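I have placed the structure first, in the form of structure tokens, so that the comments after it can refer back to it.
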Amino acid sequence: MPFIAQPQIQHQLLQTIEQGRLAHANLFWGNAGTGKLAMALWIAQTLNCSQHTDKGACGTCESCQKTAKLIHPDVTWILPTYKSETEKKRTSEDFTPEIRAFLLEHHFYPSYAQWVDTLDAYNKQTAITVEDIRQLKQKMSLASFEGKFKVVILWHAEKMRTEAANAFLKLLEEPPTNTIFILTAPSPEQVLPTIQSRCQSTFFPPLSDETIANYLIDFHKIENITAHKAAFLAQGNINEAIRLIEQDTHIFDEITQNWLRACYAVKMSEIQNISDTIAKLSREAQKNFLVYLLHILRNAMIAHYEVEKLLFVPDTMKEFVLKFGKTLSPQTFEELYNTLNQAMEYVNRNINSKILYMTLSVRMAKILDKSKKIK
Ligand SMILES: [Zn+2]
């Protein structure tokens, strides 16, 4: 189940769904990180849930699970994309794997900048194109596969090109039966007025610091003080709060120490636990973590040569780095360093993170274990 940041809006929507009054076209507008997409997902779940509760979707039935994994055949996600000449990709459907990985990675609280980053589309025009709408029309003409409702979610609907908007308008004018459209946009003014006027608009206000902090604590297991600090700085935007936390390398201090210790002592069950924890971080955070680990290793090498004044690590890490540096030979250092660098390359590819960190840990443990025997 997605985290619902706006329970009041959820309550109102649930009532309209239960009374069968949900508009066939909805526009969720407001800043990034205010829960529009998570709410859209929840509606898609609620409409097709087979074990509907008094709070809407159950979250556990097959339909709810498929919807949450973005593999429900009756739920269509349209995101702005770019035309890739080389890969012949041009519509959201062509980008299905990327869209799936991206939305799941950000727990349905993504930012547009992150999407552009994922697509590697910095200098390209991203848009919802007329091809997207044509494909959608075709899909709409078929009967629904499994659900009672077809749900179409258009993220950043303001990115519809004029031609696309006109084609979409026709779709709205003659709405297919049992189909719910959910458009999201930063503000209604950015959406074509003819489309806007056919939508039921809902404003998603910035979130309270309390909501964000609680989300970070409950959902991401962030410690209380850090969570409140990030919530305060995030200005009502969950995505921004997470970005702030991931930037802060202090959160990696403990895991870095525990991991290196577990590898050194070849404690397999601990290695497994820590590997799983790292694998759960977003790809961006995993990269930051590995960069930080390389930094700590470099400093441990400096500590090995007892040039303490050259150390550049947080005070909280100093004692650990000095101790670890004593156990480190230049050869061991080089082997660890190369192994970590190799792992960094794999993070950029779409591979199973759990396996990546488990393999990495075992390699590190082997290198460290070998170094003990040489001594
Ligand atoms: Zn369900």
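When a ligand or atom number is given, it counts from 1 through the structure's own listing order. Keep in mind that this is a model prediction, so the values were computed, not measured.
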(request) Run the ring-centre check on W29 versus F203 and record whether the distance is less than 6.0 Å. (result) yes

(message) For T126 versus K159, what's the shortest heavy-atom pair and its separation?
(response) O-CD, 4.1 Å

(request) Can you see which heavy atom on Q235 is nearest to which on P206, and at what distance? (result) O-CB, 4.4 Å

(message) Before we go on, tell me: are the rings of H228 and F232 under 6.0 Å apart, centre to centre?
(response) no

(request) Using the six-membered ring of Y357, assess whether NZ or CZ of K280 lies under 6.0 Å from its centre and within 45 degrees of the ring axis. (result) no

(request) State the count of protein N/O/S atoms located less than 2.8 Å away from the Zn ion (ligand 1). (result) 4

(request) Look up atom CD in Q272 and atom OG1 in T277, then write down how far apart they are to the nearest 0.5 Å. (result) 10.0 Å

